[in-house]
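Written below as structure tokens is the structure these notes are about.
Remember, it's a predicted structure, so these values are computed and weren't measured experimentally. Heavy-atom basis, side chains included; hydrogens, waters and symmetry copies ignored. A note on names: the letters A, B, ... follow the listed sequences, proteins ahead of strands, and every chain is numbered from 1.
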Amino acid sequence: MSGTSQHSQLCSILLREAYGDLAEKVAMCLFRFGDLTFSQLASHSKLKQSKLQTVLKGLINFGLVQFEMGVDAKSGTQSNTPIYNLCKGRVLFLHRYIRGVPVFIRKFGTEGEIVLDTLMKCGHECASDIIFQATVRILKTESDQNVASVLEQIKGKLTELIQFGLIERAPSRQTETQEKLSDFSTPGKNYSLKGVDLPMMVQRISNDILTLEDAEDQAILWQVSRKRVTQLLRDEMFAEALTGRIDCHAGNLVRVLLQLMADTGPAMADASNILHKPFIQSAVKNSYSGSPLEAHLSEYLQILSQDSSSLVKNLGDASGGEYQITLKSAILELTWSALEKITQEQFGTKGARIFRVVRRHQFILVDDIQNHAMLPPKEAKQILYTLVGQNFVHFREMKLGTGSEAGKTSTSYYFFINLNQLVRMCLEKCYLAQFSASVRQNDIVSKYSHTIQKESRLTSLYVTLKDQGAPQEQLEDIAGMLTLTEREDLQKIGTWRSQLNFSEYDIDNSILLFELYIQMFKGKI
Amino acid sequence: MDTAKVQAKILDVLKSAPNGIDEKARKQLFEDCDSSNILTVFNGLLAQGKIEILADEHKNLIYKLKEANLIPGLEKIEDQIVYDHIARSGNQGIWVRDIRTKTNLPMHTLSKILKQLESKKLVKSVKSVLAVKRKVYMLYDVMPDSRVTGGTFYQEQEFDVEFTDLLTQETLKCLTKKAESVAKLETGPLEILTRSFVTISDILKFICRTKIFNVQIKDNDIQKILQCLSFDGKIECSSRVEPSGETVECFRAVAPLISTPSIVRMPCGACPLSEKCSLTGRITPSNCKYFTDWLNLDSNELIQLFFNQNRKMSGAAGPVGRPMKYPYTLSAKIAQFPFKWHVNNQWIWKYYLIGVAVCTPLFYKIQKGANSAANKAKWAESQKKSGH
């Protein structure tokens with residue numbers, strides 16, 4: 001992942017908003033200077049050692065900072081000095097997680113989402129604590145529910161989430177200096193939580209003790225799996241694309257196929273293992289029994305394998321049909337599609353047409369572009385030069401001998417698209433857009449701080465007086481203390497903030513696609 | 001043999017040999033004639049431009065009858081040479097610079113000859129679409145090649161944007177209609193997909209049925225339009241085997257893989273100033289005008305703004321068509337006059353009603369007073385006194 005100024009600005013603002021100024025200061029030191037020891041970090045951040053310790057502890061707890069033991073330069077052996085480094089992907093994961101919330105709710109219900117949210121707020125936590133805190137949260141809103149059944153339900157959801165891989169093991173507090181993160185593999189399908197004492201929790205909640213101490217499983221910590229969340233959103237992205245292209249059943253089939261790919265091999269591989277048709281058939285039967293997808297599975301598989309999205313490849317007819325998920329080519333196609341759409345939005349349909357002509361012919365002369373794009377020469381040139389000016393299309397100068405006279409050359413300009421560079425550029429734009437949305441939102445809040453504060457003061461006063469049983473007239477007086485202009489302003493602020501918030505999280509969809517492209521084709525960049 | 005007879009014999013021999021005769025054949029044919037006389041006759045025919053002397057690959061001289069000689073009214077040899085080159089270019093035509101290179105004639109002489117040939121309606125000049133400022137010459141009765149005129153999509157050597165756009169729309173309409181009608185069928189997805197494909201002849205039939213176009217549209221034209229639509233990402237191409245065993249290309253309308261990437265749903269995604277945007281300086285997210293406009297819009301307006309703003313920001317060219325030839329006609333002036341602006345901004349319109357409202361009771365009062373019985377009597381009395 002890149003460490004450009006746009007990326008740095010975005011990380012800075014996100015860290016400040018989520019974890020405060022001190023955490024931002026320390027994390028940004030690690031962002032700018034790379035791996036640092038504790039003393040180096042203290043000198044760069046200019047913080048007291050005790051304060052720095054607290055901040056680092058918090059950052060490690062949330063998985064934002066990792067550390068490993070350094071190597072002694074002279075002897076080449078492992079030294080006792082830990083070296084800290086910032087996990088940049090984890091910073092931007094905050095946005096990705098929020099974008100994934102609707103998917104989590106759809107897949108695991110509100111309880112599942114509450115479990116994930118509780119864990120996200122803690123960073124990493126033991127199962128008992130997660131269950132206890134999630135239950136307390138649910139009971140706060142729905143107090144009439146049976147405590148034991150809620151606890152059981154939450155435990156079930158946690159197990160389901162662990163089995164699905166959305167929650168994974170985190171390094172334990174005692175052993176984190178010795179063990180690496182990779183040693184903590186996700187438990188298998190038949191995993192059950194041990195050491196979770198539900199009767200004790202029921203007792204504590206009944207006695208209004210809302211904290212849990214000395215849980216049996218406190219050494220086994222859990223965290224939200226960034227990889228799995230990304231994978232889930234990636235699957236959704238593909239499913240949405242094929243839903244738009246074909247229909248919802250094709251989208252569902254893509255979900256099933258991508259899940260099968262993750263079950264039978266590495267989820268982020270260039271291509272999956274061979275999937276036989278009976279295997280796909282049984283998976284479809286489990287998930288979408290009785291749907292048109294089950295009835296027309298063969299047809300949908302044929303359509304997908306013939307589609308230009310290049311996601312599914314038909315390898316042969318053995319065992320009723322052999323299919324493979326070609327993730328790499330599908331990501332490439334999806335990236336091209338996104339870039340073409342971006343070009344269309346920015347330069348119009350004709351701009352997108354020229355972009356596609358250049359894409360299809362790889363190296364092409366301006367005259368040929370005009371012929372293929374069916375545009376007047378002047379207009380075609382104008383749009384092409386605008387595309388070149390905005391770095392969407394690149395050109396290379398070629399000097400060719402004319403043949404008639406020795407030493408005489410003619411210069412031709414061949415136009416092409418540097419995809420890697422273009423993807424990087426668009427990714428930077430995404431970071432900048434998220435940063436700008438965040439800055440604008442802060443600006444709106446600071447500009448209307450007086451009105452927002454007044455509204456919050458009046459609201460708290462209103463609630464207090466209402467609780468105290470104040471007369472209706474007095475309550476109406478308080479409600480009337482907000483002028484019409486202030487009410488309009490507040491309404492406007494609310495709309496603006498929700499619009500900016502939505503856009504900020506929505507852009508993560510493009511970021512995910514471009515990051516997946518870079519990850520898949522990193523050998524070429 | 002006298003000179004006239006030799007001349008007639010030479011012309012007869014050359015007429016019977018369309019590829020001309022070489023030096024050896026000439027010597028054999030005219031061995032009974034005086035060689036000096038023969039040479040004088042040949043020189044005379046050359047000067048008259050009736051014959052030409054060429055060299056073959058072995059550098060042997062070939063005597064040949066000139067074709068241009070058959071054209072009446074071309075007396076000068078230069079005229080004939082120029083005419084000859086133009087005739088050889090066929091329906092592709094020849095550029096004036098190429099004629100000059102081939103004939104070695106000075107430019108002003110060549111221009112004069114060309115003008116003369118044009119006035120005699122022996123040749124014509126045609127504007128080539130390959131180069132806007134280039135005129136090519138060809139024989140008057142020759143139909144220029146489609147590569148010169150540009151084919152169906154060009155009118156008067158200019159790209160016909162309106163025609164091309166209309167044809168593109170109609171072609172896409174044909175494909176979309178087919179896809180929509182097939183989607184309603186209650187069959188399997190593969191059947192729907194297969195039946196949504198349309199061949200070029202089907203599209204041609206659809207377009208002929210609409211009767212929108214006056215010109216004859218050929219398969220090649222539709223092929224070009226389909227290629228263009230495929231570059232727009234609106235259609236995809238496939239091939240199918242007809243019952244006759246012939247493989248034909250077929251096309252269908254497709255939806256894009258990604259409708260609108262999230263980055264372009266925000267103004268930053270298409271902002272040309274994004275490189276200059278930072279927390280400090282003239283361009284910041286806090287004072288961004290595009291952001292303000294975007295935030296103050298409701299969702300419907302937002303889509304429209306995106307479209308307009310993105311194009312404005314990127315500096316993409318607007319629609320290019322043929323400009324109005326006479327934009328300042330009286331009717332154009334009336335049509336373009338900003339009546340609304342003047343009504344809104346001229347004080348006279350605003351105060352006219354107020355003036356009328358204020359003046360009406362005043363004038364009414366004056367009128368009433370002037371026409372009252374007492375005043376009339378007073379007026380009659382004063383008239384009487386003055387003796388009228």
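Under the 4.5 Å side-chain criterion, counting only non-hydrogen atoms from C-beta, B:Thr260 is in contact with A:Glu345.
Of all the listed residues (A:Pro292, A:Gly389, A:Gly244, A:Ser337), the one sharing the greatest number of non-hydrogen pairs under 4.5 Å with chain B is A:Ser337. Taking A:Ile342, A:Asn442, A:Ile444, A:Asp247 one by one and counting their heavy-atom pairs under 4.5 Å with chain B, the maximum is reached by A:Ile342. The most heavy-atom pairs under 4.5 Å with chain B, out of A:Cys426, A:Cys430, A:Gly351, A:Ser436, come from A:Ser436. Heavy-atom pairs under 4.5 Å with chain B were tallied for A:Glu299, A:Gln6, A:Lys447; the largest tally goes to A:Glu299. With chain B as partner, the option from A:Gln370, A:His296, A:Gln441 having the largest number of non-hydrogen pairs under 4.5 angstrom is A:His296. Taking chain B as the reference chain and counting heavy-atom pairs below 4.5 Å, the highest number among A:Leu375, A:Leu387, A:Thr495 is found for A:Leu375.
Proximity to chain B (any heavy atom under 4.5 Å) is shown, for A:Ile246, by neither the backbone nor the side chain. Heavy atoms closer than 4.5 Å to chain B are found in both the backbone and the side chain of A:Ala338. Only the side chain of A:Leu513 comes within contact range of chain B, with heavy atoms under 4.5 Å apart. Only the side chain of A:Phe435 comes within contact range of chain B, judged by heavy atoms closer than 4.5 Å. Proximity to chain B involves both the backbone and the side chain of A:Ala437, based on heavy atoms less than 4.5 angstrom apart. Contacts between B:Thr164 and chain A at a heavy-atom distance below 4.5 Å involve the side chain alone, from C-beta outward.
The number of heavy atoms from other shown groups lying within 6.0 Å of CZ (B:Arg100) does not exceed 12. For A:Phe502, the CZ atom is loosely surrounded, since the number of other residues' heavy atoms within 6.0 Å does not exceed 12. Counted within 6.0 Å of NZ on B:Lys102, heavy atoms from surrounding residues, nucleotides or ligands total 12 or fewer; the atom is thus considered open.
Within residues 167-178 of chain B, no residue has a heavy atom under 4.5 Å from a heavy atom of chain A. Residues of residues 300-310 of chain A having a heavy atom under 4.5 Å from any heavy atom of chain B, listed by number: A:Tyr300, A:Gln302, A:Ile303, A:Gln306, A:Ser308, A:Ser309. At a heavy-atom cut-off of under 4.5 Å, chain A is reached by B:Pro285, B:Ser286, B:Asn287 from residues 280-287 of chain B, listed in order of number.
Here B:Asp232 contributes atom CG and A:Gln344 contributes atom CD; the two are 7.5 Å apart, rounded to the nearest 0.5 Å. Once rounded to the nearest 0.5 Å, the distance linking CG of A:Asp506 with CD1 of B:Ile263 reads 10.0 Å. The CD1 atom of B:Ile258 sits 13.5 Å away from atom CH2 of A:Trp336, with the distance rounded to the nearest 0.5 Å. Once rounded to the nearest 0.5 Å, the distance linking SG of B:Cys271 with NZ of A:Lys429 reads 7.0 Å. Distance OG/B:Ser230 to CZ/A:Arg360: 3.5 Å, rounded to 0.5 Å. Separating the OG atom in B:Ser278 from the CD atom in A:Gln9 is a distance of 7.0 Å, to the nearest 0.5 Å.
Closest approach of B:Met266 to A:Ala433, counting heavy atoms only: CE-O, 3.5 Å. Contact record, A:Leu500 with B:Phe291: CD2-CE2, 3.6 Å, taken as the closest heavy-atom pair. Residues A:Gln346 and B:Gly269 come closest through the heavy atom pair OE1-O, 3.9 Å. Closest heavy-atom contact between A:Arg245 and B:Ala255: NE-O, 2.6 Å. Closest heavy-atom contact between A:Trp496 and B:Asn296: CZ2-OD1, 3.1 Å.
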Self-check item: Chi angles and distances behind the side-chain contact (heavy atoms from CB on, under 4.5 Å) call for A:Arg440, B:Thr292
Solution: CA-CA 10 Å; A:Arg440 186 72 185 216; B:Thr292 313; 2.9 Å; yes
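Side-chain N or O atoms of A:Gln499 include one that pairs as donor or acceptor with a backbone N or O of B:Trp294 at under 3.5 Å.
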For residues 189-198 of chain B, which side-chain N or O atoms pair as donor and acceptor with protein atoms under 3.5 Å away, sequence neighbours left out?
residue	atom	partner	partner atom	Å
B:Glu191	OE2	B:Arg195	NH1	3.3
B:Thr194	OG1	B:Leu190	O	2.5
B:Ser196	OG	B:Leu193	O	2.7

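Taking the six-membered ring for Trp and thresholds of 30 and 60 degrees, B:Phe231 and A:His372 have ring planes more than 60 degrees apart, a perpendicular arrangement.
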